[in-house]
Amino acid sequence: MKEHLEGAQKSPIPTRDELGFDPAAIRRKYDEERAKRMRPDGNAQYIEAKGGLAHYDDVDPYVEPGFTRPAMDEELDVVVIGGGFGGQLAAIRLGQAGITDVRIIERAGDFGGTWYWNRYPGAQCDIESYVYLPLLEETGYMPKERYSFAPEILEHAKRIGRQFGLYERACFQTKVTEMRWNAETGRWGIRTDRGDVFRARFVVTALGPLNRPKLPGIPGIESFRGHSFHTCRWDYEYTGGDSSGNLHKLADKRVGIIGTGATSVQCVVHLGTSAEQLYVFQRTPSSVDERGNAPTDPEWAKSLEPGWQQERTDNFNKLLSGIPVEIDMVADGWTRGLRYHEDLMRRIEDPSSLIPEETAALAEIADHQQMEYIRKRVERLVDDRETAEALKPWYGQGCKRPTFSDEYLPTFNRPNVKLVDTNGKGVERVTENAVIVDGVAYEVDCLIFGSGFEVGTKLARQGQFEAYGRDGVSTSEAWGTGRRTLHGLLSHGFPNWFHVGLRQTGASLSLTYTYDTQVLHIAYLVAEGLARNAKAIEATTEAEQAWVDLVNQPGPLQEYQKRCTPGFWNSEGKLDGNGFFDELYPDGPVRFREMLEELRNRGDFQGLTIART
Ligand code: NDP
């Protein structure tokens with residue numbers, strides 16, 4: 001393709017012959033496929049894991065049952081809710097700002113957050129380990145491979161816990177049931193399911209953007225009598241094996257898995273190897289790019305200069321935010337589309353002469369090139385033509401979470417693995433022993449839900465507790481028409497409460513970068529608040545409104561998403577502001593980090609009120 005495009009062309013837009021595809025035909029195909037998948041109920045198609053379905057969420061297969069401890073009653077400077085990387089980083093940055101009177105409350109039995117819960121076979125981080133794993137230089141740890149598997153990441157979370165003294169401050173297996181602001185004392189009262197009461201001047205919630213499993217509202221789902229679990233509560237008792245596979249207890253089992261997102265792409269490989277029969281129920285195929293994992297080169301590791309991790313992380317984030325950089329240090333599947341774009345631009349003598357329509361056409365062509373590459377890869381790796389056709393994703397790369405695997409597609413060449421494509425409609429029905437698609441019953445002994453996590457639902461539903469701010473007003477009441485924050489961090493009516501998350505921030509694909517950006521600012525504000533003996537730090541209504549307006553401005557991402565197949569990135573095609581990447585700081589994660597840093601450097605409490613005791 002490259003040589004082809006470097007020919008002496010007059011028009012900046014390559015022809016169909018040069019490209020080897022017709023962009024207009026691809027666009028039409030995308031629209032057709034999108035139409036097949038659209039449904040009126042949007043997010044309401046999913047059901048909460050509660051009542052008769054609570055066991056999909058409310059179990060912890062990784063702890064000994066029966067843990068008890070006496071209830072606690074404490075006054076603290078800060079309570080951090082959540083012991084994933086977000087919560088850990090919050091506690092660490094607070095510690096570095098001199099604040100150590102901190103308690104971390106975590107529902108799980110250890111640190112790790114998503115990596116505590118997601119231990120399914122093959123679980124791996126798709127972001128390069130040298131970028132994703134926090135505090136590598138500080139802990140002196142070098143990941144074993146370019147893309148770390150879940151056990152290594154979980155171990156790193158524990159390492160951070162040990163090295164930064166976080167275990168002494170953690171309450172595990174403890175669920176917050178309510179937090180309530182007391183204006184008189186200037187403290188949050190935090191209650192838990194173990195009868196604890198914590199009274200904290202500040203609260204940081206780091207609940208994770210994808211923490212609560214969701215289930216598809218397929219008719220009959222409650223009636224299934226075989227064994228069943230969600231991928232984030234993998235039942236190794238039943239399957240045998242461990243996160244590296246060898247699920248030997250499935251050797252005589254018929255297994256079905258619903259969903260073909262990033263999680264299933266990783267675990268299907270192991271289910272396919274181990275199960276007697278595997279049915280993969282697909283609604284929308286993922287785009288599956290090369291994994292290309294490799295052990296860390298010890299010579300490269302030795303050559304790294306202090307500060308290397310921040311430099312690499314900044315480089316990755318700048319590229320993905322469209323900020324020019326000299327080299328692409330990571331150069332993996334996340335930025336392949338950018339390389340296609342660079343190739344297209346290289347053949348243009350004077351890029352400044354491009355009119356906006358040409359610029360847009362070139363961006364679209366680069367996206368098509370990337371997706372054509374992905375579709376051709378399916379043809380190369382899957383033997384059966386019909387199966388290969390069904391596995392081809394027909395949407396733009398930025399529509400759904402890209403995935404990366406060298407083994408997923410070839411798994412469909414195994415005689416015991418069948419792709420059951422639902423042509424965009426989803427599973428029709430579940431009975432006590434089978435999954436029905438298009439009137440055909442696929443009998444299964446075990447049904448696994450790789451159906452993802454709650455996105456776009458209320459904070460109280462995702463966190464499973466309500467927060468009551470000033471005058472006893474809950475977030476559900478205050479944010480009836482949508483979340484309201486300043487910088488994604490603080491809200492009017494909810495003093496001294498800081499959020500760590502994606503919404504209304506400059507979010508990065510590498511979540512640890514996003515979290516670190518936020519907790520640096522939170523630690524600064526808490527330290528200043530304590531130093532000034534502040535009773536309540538809070539966003540003003542004006543600043544909050546201005547921020548909400550800013551992050552809700554329709555931008556290029558929202559425009560792009562309009563043509564996308566439905567999914568949790570675009571609020572199931574509803575584009576109602578509840579998608580994963582809705583309400584973001586328009587200039588991206590790097591500028592967001594710089595903006596907060598500038599505020600700190602200036603000592604600027606812009607948009608905040610600080611009430612003194
Ligand atoms: P997803 O939400 O991405 O996937 C859910 C799957 O369930 C989709 O394939 C969806 O189809 C399917 N589904 C939903 N309802 C039905 C139905 N009625 N019938 C049939 N299929 C249905 O969840 P995942 O757990 O796969 O991934 C969630 C996120 O977790 C990822 O996007 C990523 O952000 C993160 N993750 C990160 C990893 C990492 O490397 N860091 C690894 C794994 C996950 P449809 O697409 O049509 O909606």
Side-chain angles (χ1 to χ4, degrees), residues 33-34 36-39 41-43 45-47 85 113-115 117-120 122-129 131-133 147-150 153 208-221 230-234 256-268 279-288 291 293 332-334 391 393-395 399-405 408 419-430 435-437 447-456 502 507-512 564-573 579-581:
E33 292 292 323
R34 176 177 187 275
K36 274 191 210 166
R37 286 167 172 79
M38 282 301 292
R39 39 190 286 171
D41 49 1
N43 244 329
Q45 68 182 279
Y46 299 107
I47 48 176
F85 282 139
T114 198
W115 302 104
W117 295 111
N118 287 280
R119 303 189 192 196
Y120 58 83
Q124 187 180 35
C125 186
D126 288 335
I127 304 285
E128 198 193 50
S129 58
V131 167
Y132 177 78
L133 288 182
Y147 301 97
S148 294
F149 284 95
I153 307 176
L210 296 162
N211 81 337
R212 183 139 195 245
K214 74 172 188 247
L215 295 166
I218 301 169
I221 178 174
H230 191 277
T231 47
C232 72
R233 300 285 185 275
W234 196 272
I257 181 161
I258 294 183
T260 51
T263 297
S264 297
V265 163
Q266 295 178 337
C267 66
V268 153
Y279 297 111
V280 180
F281 297 99
Q282 171 180 276
R283 189 166 66 178
T284 313
S286 276
S287 71
V288 190
R291 164 79 306 162
N293 203 4
D332 65 3
W334 290 104
L391 284 164
W394 289 102
Y395 46 80
C399 287
K400 273 179 113 66
R401 167 66 152 71
T403 72
F404 305 87
S405 172
Y408 174 73
L419 178 74
V420 184
D421 182 43
T422 64
N423 198 22
K425 298 290 166 233
V427 166
E428 197 175 301
R429 201 153 40 88
V430 173
V435 177
I436 316 285
V437 174
L447 183 57
I448 301 171
F449 287 95
S451 46
F453 301 88
E454 295 227 354
V455 172
L502 290 190
S508 159
L509 281 165
S510 183
L511 294 188
T512 48
C564 284
T565 189
F568 74 86
W569 278 21
N570 63 1
S571 197
E572 302 299 329
F580 196 61
F581 285 127

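Start at 1 and go down the list; that is how both ligands and their atoms are numbered.
- Relative orientation of the Phe580 and Phe568 rings is perpendicular, given thresholds of 30° and 60° on the angle between their planes.
- Ligand 1 has an N or O atom lying under 3.5 Å from an N or O atom of Thr284, backbone or side chain.
- Ranking the protein heavy atoms by distance from atom 23 (O) of ligand 1 puts Gly452 CA, 3.1 Å first.
- Of all protein heavy atoms, the one lying nearest to atom 5 (C) of ligand 1 is Gly450 O, 3.3 Å.
- Heavy-atom minimum distance, Ser287 versus Pro402: OG-CA, 3.5 Å.
- The residue from Pro216, Pro209, Gly261 that puts a heavy atom closest to atom 18 (N) of ligand 1 is Pro216.
- Distance from atom 38 (C) of ligand 1 to its nearest protein heavy atom, with residue and atom name: Arg401 NH2, 3.3 Å.
- Proximity to Ile218 (heavy-atom distance under 4.0 Å) selects the following atoms of ligand 1: 18 (N).
- The nearest protein atom to atom 9 (O) of ligand 1, hydrogens excluded, is given as Thr260 N, 2.9 Å; this is a heavy-atom distance.
- What you find for Ser148 and Gln124 is that their closest heavy atoms are O-CG, 3.1 Å.
- Residue-to-ligand polar distances place Ala262 within reach of ligand 1: an N/O pair is separated by less than 3.5 Å.
- How far CG of Asn423 is from NZ of Lys36: 4.0 Å, rounded to the nearest 0.5 Å.
- Here the heavy atom of the protein found nearest to atom 46 (O) of ligand 1 is Lys400 NZ, 2.8 Å.
- Remark: ligand 1 atoms within the under-4.0 Å shell around heavy atoms of Gly259 are 6 (C), 7 (O), 9 (O), 12 (C).
- Between the side chains of Tyr46 and Glu572, at least one donor N or O sits under 3.5 Å from an acceptor N or O.
- When the options Tyr120, Trp117, Phe449, Phe453 are evaluated for a ring-ring contact (aromatic ring centres under 6.0 Å, His included) with His230, the one that passes is Phe453.
- Taking all heavy atoms of Leu210, Val420, Ile153 into account, the minimum distance to atom 30 (O) of ligand 1 is reached by Leu210.
- For the atom pair CZ (Phe149) and OG (Ser129), the distance works out to 11.0 Å, reported to the nearest 0.5 Å.
- At least one heavy atom of Gln124 sits less than 4.0 Å from an atom of ligand 1.
- In this structure, CD1 on Ile436 lies 7.0 Å from CD on Glu428, to the nearest 0.5 angstrom.
- Side-chain polar atoms of Tyr147 and Asp332 form a donor-acceptor pair below 3.5 angstrom.
- If you look at Tyr120 next to ligand 1, the close heavy atoms, those under 4.0 Å, all belong to the side chain.
- For the side chain to side chain contact (heavy atoms under 4.5 Å, CB included) with Leu210, the qualifying choice from Asn118, Val455, Thr263 is Val455, the only one to do so.
- Cation-pi geometry between Arg401 and Trp569 is not met: the NZ or CZ atom fails to fall both under 6.0 Å from the ring centre and inside 45° of the normal.
- Residue contact check for ligand 1: Gly567 places no non-hydrogen atom closer than 4.0 Å to it.
- When hydrogens are left out, the protein atom nearest atom 19 (N) of ligand 1 is Val427 N, 3.1 Å; that is the closest non-hydrogen contact.
- Here the heavy atom of the protein found nearest to atom 48 (O) of ligand 1 is Arg283 NH2, 2.8 Å.
- Distance from atom 25 (O) of ligand 1 to its nearest protein heavy atom, with residue and atom name: Thr263 OG1, 2.6 Å.
- Heavy atoms of Phe568 found under 4.0 angstrom from ligand 1 belong exclusively to the side chain.
- At a heavy-atom cutoff of 4.0 Å, ligand 1 is contacted by no atom of Arg37, backbone or side chain.
- Note: no N/O pair closer than 3.5 Å links Gln282 and ligand 1 by distance alone.
- Comment: Asp421 does not engage Arg283 in a salt bridge, judged by the lack of any side-chain N to carboxylate O separation of less than 4.0 angstrom.
- Heavy-atom proximity to Phe453, at under 4.0 Å, picks out these atoms of ligand 1: 25 (O).
- Ligand 1 places these atoms under 4.0 Å from at least one heavy atom of Ser451: 5 (C), 7 (O).
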- request: Go through the steps to decide whether Ile257 and Tyr279 satisfy the test side-chain contact (heavy atoms from CB on, under 4.5 Å), and finish with yes or no.
  value: CA-CA 6 Å; Ile257 181 161; Tyr279 297 111; over 6 Å; no
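- The OG atom of Ser451 sits 5.0 Å away from atom CG of Leu215, with the distance rounded to the nearest 0.5 Å.
- Every heavy atom of Glu572 sits 4.0 Å or more from the atoms of ligand 1.
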